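Read the numbers this way: they start at 1 and go in the same order the structure lists the ligands and their atoms. Nothing here was measured: the structure is a model prediction, and the numbers come from that model.
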Amino acid sequence: MNDQTPVFRTSQLEENDGPGHNPTDNPTMGELIAARFSRRGFLKGSLAVSAIAATVSPMALMLADDARAETKSAFSFEEVEAGIDEKHHVAAGYDADVLLRWGDGIFVDSPEFDPRNQTPESQAKQFGYNNDYVGYIPIDGSSEHGLLVVNHEYTNEHLMFPGIVKVAEGKIEVAPADKKRVDIEMAAHGGTIVEIKKTDGKWQVVKDGKLNRRITANTEMQLSGPVAGHDRVKTNADSSGRKVFGTINNCAGGVTPWGTYVMAEENIHGYFTGELAADSKEAANYKRLGLPEGSYEWGKFHDRFDVSKDPNEANRFGWIVEVDVNDPVSVPKKRTSMGRFKHEGAESIVSKDGRVVFYLGDDERFDYVYKFVTTGKFNPDDRAANLDLLDEGTLYVAKFEADGTVNWLPIVHGTGPLTAENGFASQADVLIETRRAGDLLGATKMDRPEDIQPNGVNGKVYVMLTNNTKRKDDQIDAVNPRAKNAFGHIVEIAEADGDFAATKGKWEILLKCGDPSIADVGASFSTETTKNGWFGMPDNCSVDADGRLWVSTDGNSPKDTGRTDGLWAVDTEGAARATSKLFFRVPIGAEMCGPLMLPDMATMMVAVQHPADGGEDWEGFGRPSYYEDLSTRWPDFKDDMPVRPSVVAITKKGGGKIGV
Ligand code: FEO
Ligand code: CA
Ligand code: CA
C-alpha cells in the first residue's frame with residue numbers, strides 16, 4: 001500500500017509526477033541497439049534513439065553484440081505481453097489457479113461468503129481482504145503439503161461493501177461507517193494460517209486443518225522484549241503494558257528459520273483518529289510517524305483508536321509480530337527489539353556463526369533500511385529453543401556511503417546521540433521512536449524501502465526502493481541518484497566477508513526502473529529487456545531455491561507505465577544481469593504481492609491485492625470503480641459477486657520447475 005494513504009485507500013500512485021504515459025509499443029533497447037549495429041553508425045533522430053545514448057554507455061554499445069552472445073539468463077519462459085485488461089495473464093505453458101479468495105471459508109464451519117450480508121463473525125472465519133505477504137511452512141519437509149501464511153494488509157470499503165458509494169462529479173464518495181462495517185473491516189485485517197495440499201498437481205485448502213487460524217485486528221497478543229511493560233505502552237484497558245489486541249496493516253513479512261510466521265505492521269497511522277493533547281510527551285513521536293492520519297473510522301466505535309482518549313495505544317503498533325503456527329491458540333508476540341516504524345517486511349537468513357539476521361524496510365519517502373541481528377544462535381535441532389530469539393539482539397540502521405560502502409549503525413541506548421539528552425531514557429524509548437534514533441545517527445534517507453531479501457545462494461541482499469517523487473535535485477545522493485524518482489530502483493548489498501551479520505558491506509545499484517526507451521527516465525535495464533520486461537515501482541520480492549530474484553510491483557498503471565502490475569523475473573548474475581522478464585500480470589487496479597516460490601520450485605504463489613481499485617485512466621473502463629460498477633469482477637466474473645483479492649498458485653503445465 002502506498003505510504004501516503006489517500007482518501008479511499010486506493011493504492012495507485014496518487015501523485016506520480018513522472019513523465020506520464022509511456023507507449024507500450026516503443027522499440028526495445030535490444031532492438032534499437034541491433035538497429036544501430038546493423039547500420040554501423042551512430043543513431044540519430046528519434047527520442048527513443050537518444051534515450052539509448054543517454055542510458056547506455058558508449059562502451060556498452062560497442063560490446064552489446066558480444067555481450068548478447070554470452071548472455072545466459074537464469075530464466076527460461078515465454079514472456080507475457082505487458083498491458084491492461086480485467087484478467088490475469090501468466091506465461092504460456094503455465095497454469096495460474098485461484099487458491100484462496102476474500103471470503104473463502106478456511107474452517108469446516110465457515111459460513112458461505114455472502115457479500116451482501118457479511119458479518120464480523122463470518123468474516124473472522126473466512127479468508128481476509130487484500131492479501132499481501134505469502135509464506136509457506138512445509139509439513140514434514142514437503143513442497144506439496146504445508147501451511148500457507150498470508151497477511152491481510154488493509155480494506156477497500158468502496159469495493160467490499162454494497163450501497164455505500166455515491167459518485168459525484170466523477171469522484172467516489174463513501175458513506176460514513178457504522179459499527180458493523182468497522183467490525184467487518186477489523187475482522188478482514190490481520191492474517192490467515194491455513195493448511196494446503198497439492199493433489200494430482202492442483203492445490204487445495206484443507207478446511208479441517210488443525211492449525212488453521214484467522215488473526216484479526218482483535219486477536220490477543222503480547223508485547224515482548226525491551227518495550228514490554230513500559231509506561232508508554234500502558235493504556236486504559238491494559239495497565240500491564242503487555243497485553244495488546246490485534247495487528248494492523250500487515251504488509252510483507254517472513255517465515256523464520258524455525259518455522260514461525262512474522263507479520264510486519266506498516267501504515268498504522270491511518271487507523272488512529274482524534275487529537276493528541278497539546279502537552280502530550282508523545283507529540284514528536286506521533287509527528288515522525290504521521291499519527292494520527294485518520295482515514296479509517298475505527299476510533300468512532302473503539303476508543304483505543306482515538307488518540308485523545310487513549311494516547312498510548314498507537315505505541316503498541318508499528319512492530320514486527322511473531323506467530324507460532326504450531327499452536328492455533330498461541331498468543332502472537334510483538335517483538336519490540338526489532339524497532340517501531342512502518343515495517344514493510346522481515347525476511348531472514350542464518351549468518352555464518354548461527355545468529356539470525358532480519359532485513360527490515362521502513363516504507364516512507366526518505367526513511368531508512370534496517371537490519372536486526374539476534375544475540376542468540378539458531379538451533380536447528382531444537383525448535384523450542386528458538387522461540388524467543390527475537391527478544392534479544394541488535395537493531396542497525398543503514399548508512400550508504402558514496403564510495404559504495406554501507407555501514408550498519410547500531411541503535412543502542414547510551415551510544416552516540418541515543419542518550420537522555422535527546423529524550424531517550426532507555427532502550428525502550430529508543431525502540432518506540434526508532435525513526436528519531438535513525439535521524440540522530442545520520443542514516444541515509446531512502447526512496448521508500450519496501451521488501452528486502454537476503455539471497456543465500458549468491459550471498460547478496462536485494463533492497464526494493466519503490467519510488468520517491470518528492471526527492472529534489474539537491475537531495476540526490478549516490479544510492480538514491482534520481483530526483484523525482486517516479487519508478488524506483490533496486491539496490492544490491494554484499495555484506496563484508498559474505499557474513500550477513502557484518503556491520504559493514506558494499507552496495508551497488510542493480511537497476512533503475514522505468515521505461516528504458518525514454519531518456520529522461522534514466523532506467524538501466526539490460527539491453528536484452530523487452531518492451532514487456534521493464535517495470536516501475538518494485539515492491540515485494542522473493543528469491544527462489546536457485547537464488548533467482550522475482551520482483552513484484554505496486555503502482556504501474558495505464559497513465560504512468562501503460563501496464564498493470566505484475567511479477568517480473570530479474571537476472572542478477574553474469575552478462576544477463578539486470579535483464580527482466582514479465583511472468584505474470586494482474587487485472588486492472590490490482591497490485592502484485594507475494595510472491596513466493598515453494599522450495600521445490602514447482603509452485604509460485606502470488607497474491608493479487610486490491611483488484612478493481614481504479615480504472616478511470618484505462619480506456620476499457622474510464623470511470624470510478626466501486627462495488628456496483630467494478631472495473632473487473634475478477635476472479636469469479638459473476639454479476640452478483642464483487643471483485644475478490646486472491647492468492648493464485650502458478651504451476652507448469654505437466655509439472656516441473658518454474659522458469660527453467
Ligand atoms: Fe504495504 Fe510498502 O507496501
Ligand atoms: Ca508492499
Ligand atoms: Ca519477500
Side-chain angles (χ1 to χ4, degrees), residues 1-6 9-14 129-136 149-156 189 191 247-256 261-271 290 295 318 320 341-349 358-370 446-456 461-468 488 490 536-544 547-556 565 567-568 570 586 590-598 604-610 613 645:
M1 179 164 108
N2 208 323
D3 68 330
Q4 301 291 305
T5 310
R9 292 183 284 287
T10 170
S11 196
Q12 303 300 307
L13 276 180
E14 83 279 22
Y129 208 75
N130 272 347
N131 30 223
D132 196 307
Y133 174 74
V134 179
Y136 178 81
V149 297
V150 183
N151 284 352
H152 301 296
E153 188 184 24
Y154 70 108
T155 47
N156 295 97
H189 276 68
T247 182
I248 47 177
N249 212 266
N250 302 96
C251 193
V255 166
T256 63
Y261 163 32
V262 282
M263 311 165 75
E265 296 184 327
E266 193 194 23
N267 289 303
I268 61 160
H269 56 310
Y271 298 84
S295 67
I320 293 291
F341 44 88
K342 293 181 185 172
H343 276 283
E344 172 72 24
E347 299 279 10
S348 59
I349 193 156
F358 286 75
Y359 288 90
L360 310 165
D362 183 356
D363 181 6
E364 186 135 18
R365 298 178 180 91
F366 302 109
D367 259 294
Y368 307 134
V369 166
Y370 298 85
M446 308 298 287
D447 286 346
R448 290 186 57 195
E450 300 265 16
D451 205 0
I452 306 176
Q453 197 76 37
N455 181 339
V461 182
Y462 293 90
V463 183
M464 305 298 120
L465 297 161
T466 197
N467 64 73
N468 180 0
I490 299 175
M537 306 88 169
D539 190 343
N540 292 25
C541 65
S542 165
V543 165
D544 66 27
R548 301 179 306 171
L549 180 65
W550 300 80
V551 174
S552 64
T553 62
D554 171 18
N556 290 273
D565 283 318
L567 177 63
W568 277 267
V570 179
V586 298
E591 164 183 350
M592 180 89 278
C593 297
L596 181 80
M597 187 79 92
L598 265 48
M604 171 71 85
M605 294 285 182
V606 291
V608 177
Q609 195 191 62
H610 63 75
D613 187 15

Checklist line | Heteroatom test (N, O or S) for Glu450 near atom 2 (Fe) of ligand 1, limit 2.8 Å | finding: yes
Note to self: Quick check on atom 2 (Fe) of ligand 1: does Asp539 put an N/O/S atom closer than 2.8 Å to it?
What the structure shows: no
Next item on the list: Check the pair Phe341, Tyr368 against ring pair (Phe, Tyr, Trp, His ring centres under 6.0 Å), reporting the backbone distance first and the verdict last.
Entry: CA-CA 10 Å; Phe341 44 88; Tyr368 307 134; 9.0 Å; no
Item checked: Glu266 N/O/S atom closer than 3.0 Å to the Ca ion (ligand 2) -> no
Note to self: Just checking: Asp363, one of its N/O/S atoms, less than 3.0 Å away from the Ca ion (ligand 2), yes or no?
What the structure shows: no
Next item on the list: Report the name of the N/O/S atom of Glu344 located nearest to the Ca ion (ligand 2).
Entry: OE2
Checklist line | Name, closest N/O/S atom of Asp539 to the Ca ion (ligand 2) | finding: OD1
Atom 2 (Fe) of ligand 1 - name of the N/O/S atom of [X] that sits closest to it:
X	result
Glu344	OE1
Glu266	OE2
Asp363	OD2

Donor-acceptor contact present, side-chain [X] to main-chain [Y], <3.5 Å:
X	Y	answer
Asn130	Tyr154	yes
Asp565	Gly555	yes
Asp362	Lys342	yes
Asn556	Gly536	yes
Thr466	Arg448	no

Next item on the list: State yes or no: are the ring centers of His269 and Tyr271 separated by less than 6.0 Å?
Entry: no
Next item on the list: Kindly confirm whether atom 1 (Fe) of ligand 1 is within less than 2.8 Å of some N/O/S atom in Glu153?
Entry: yes
